[in-house]
Amino acid sequence: MAYGSFVIQRNLDFRIRRGEIFVIMGDSGCGKSTLLRHLVGLIKPTKGRILYDGMDFWGSEPADRNRIMKRIGVLYQSGALWSSMTLAENVALPLQEHSTLSAAEIQDMVSLKLALVGLSGFEEFYPSEISGGMRKRAGLARAMALDPEILMFDEPSAGLDPINAYRLDELILEIRDSLGTTVVVVTHELESIFTIADNAVFLDGELRTMVAQGHPRKLLETCDIPKVREFLTRGRADGSHASSRPTFEPPGGRNTNAPSASAGTLSDRVPS
Ligand SMILES: Nc1ncnc2c1ncn2[C@@H]1O[C@H](COP(=O)(O)OP(=O)(O)OP(=O)(O)O)[C@@H](O)[C@H]1O
């Protein structure tokens, strides 16, 4: 991956499995967001290939590339909602542009997606009238409008307080468990990484390549690369990771790939 002659990362080789939560981690400026932009199909890699279900993205016809891109929903750091539109109008936009649904069907879909993220009743609110955490969830509802098979998040908890960051992580887990969505997350938030990741890669900004891959807890136990250890322990000598999160865990723990038995609807689980 490069911007002109400025190489960001090279020799990246990893696989994201269907239905897993895959985290891209690394030091600041190492190229996490750049990698995400490549995975979304916005930037062409200078070398190598990106395969979706074995299909070479950049080796495909533009129509096939479009089809792949429609399977991907993205939530950017800012939530990127249109401030002049209500939440309902924001969520409706991708449906109006990329689906053949009628106005009534779009309205139903909008209500459904907002309910999924715990925002029923907020359809007519403007982004400026709701909290940062709710804006993130509204952005997520919009990213999910076209029922993506893959959801990508760039620093989802940026700007959120620990409680709202925790709720967003819970929501990401619920979406994966209930809908089977594959999730790719760029984050350097340790709590989030240990809460949601099934698999992760660590990009080194100095070596400009991927230096570790695996479940973060496994990496914590076994990886002896100083930079990765320092990142995962925040430099704590006892090798534990710092915890600033509320410690409540759902019965049975988290991160099973099985659908959550007590799930109900997503909105049941998400405080509004
Ligand atoms: N459009 C661009 N053109 C040129 N260089 C860019 C562009 N976008 C990012 N960069 C540079 O590429 C490098 C990687 O940036 P990127 O945003 O991908 O890193 P990151 O790991 O996501 O950083 P952070 O953790 O700080 O968000 C940085 O040096 C950045 O300045």
Side-chain angles (χ1 to χ4, degrees), residues 1-16 20-50 57-58 65 69 72-81 132-133 135-136 139-140 143 150-162 164-166 168-169 172 182-216 219-220 223 225-235 241-242 244-245:
M1 305 188 306
Y3 291 109
S5 59
F6 179 34
V7 175
I8 308 295
Q9 287 279 319
R10 53 169 75 90
N11 298 330
L12 299 185
D13 182 9
F14 58 85
R15 175 188 295 259
I16 301 171
E20 81 175 358
I21 299 179
F22 185 91
V23 169
I24 300 167
M25 50 190 191
D27 37 354
S28 193
C30 66
K32 300 181 292 297
S33 300
T34 301
L35 175 56
L36 197 77
R37 277 181 234 137
H38 280 76
L39 295 179
V40 170
L42 293 177
I43 311 180
K44 187 175 179 179
T46 35
K47 278 189 185 164
R49 296 180 304 163
I50 299 175
F57 183 84
W58 288 103
R65 286 211 292 272
M69 286 175 88
I72 303 171
V74 191
L75 180 63
Y76 293 103
Q77 266 189 41
S78 59
L81 295 168
R135 271 198 292 277
K136 281 278 160 87
L140 180 51
I150 308 167
L151 263 176
M152 304 217 188
F153 295 82
D154 195 356
E155 300 282 2
S157 43
L160 294 184
D161 60 69
N164 272 303
Y166 172 85
L168 192 62
D169 283 347
I172 291 171
T182 304
V183 180
V184 181
V185 184
V186 165
T187 184
H188 52 246
E189 291 292 330
L190 214 48
E191 291 298 340
S192 194
I193 290 167
F194 283 110
T195 303
I196 63 175
D198 297 307
N199 195 7
V201 286
F202 187 93
L203 308 185
D204 187 315
E206 284 164 323
L207 299 176
R208 298 191 192 176
T209 192
M210 186 181 106
V211 292
Q213 176 171 191
H215 191 288
L219 289 177
L220 187 63
C223 181
I225 298 169
K227 195 178 212 174
V228 178
R229 289 206 64 75
E230 195 180 341
F231 179 90
L232 290 173
T233 61
R234 287 286 183 263
H241 65 92
S244 57
R245 281 270 173 90

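Every number for a ligand or one of its atoms is a count from 1 in the order of the listing.
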- Message: Show, in sequence, the C-alpha distance, side-chain angles and deciding distance for H38 and I8, and conclude whether the side chain to side chain contact (heavy atoms under 4.5 Å, CB included) test is met.
- Response: CA-CA 12 Å; H38 280 76; I8 308 295; over 6 Å; no
- Message: Which heavy atom of D13 sits nearest to which heavy atom of M210, and what is that distance?
- Response: O-CE, 3.3 Å
- Taking atom CG of L168 and atom OG1 of T195, what is their separation to the nearest 0.5 Å? 11.5 Å
- Message: Would you say that more than 12 heavy atoms from the other residues, nucleotides or ligands in this model lie under 6.0 Å from the CZ of R37, or not?
- Response: yes
- Task: Look at the aromatic rings of F14 and F22 and report parallel, tilted or perpendicular, splitting at 30° and 60°.
- Result: parallel
- With K32 as partner, the option from I24, V201, D27, D154 fulfilling side-chain contact (heavy atoms from CB on, under 4.5 Å) is I24
- Atom-level proximity to ligand 1, residues with heavy atom under 4.0 Å: Y3, F6, I8, D27, S28, G29, C30, G31, K32, S33, T34, R37
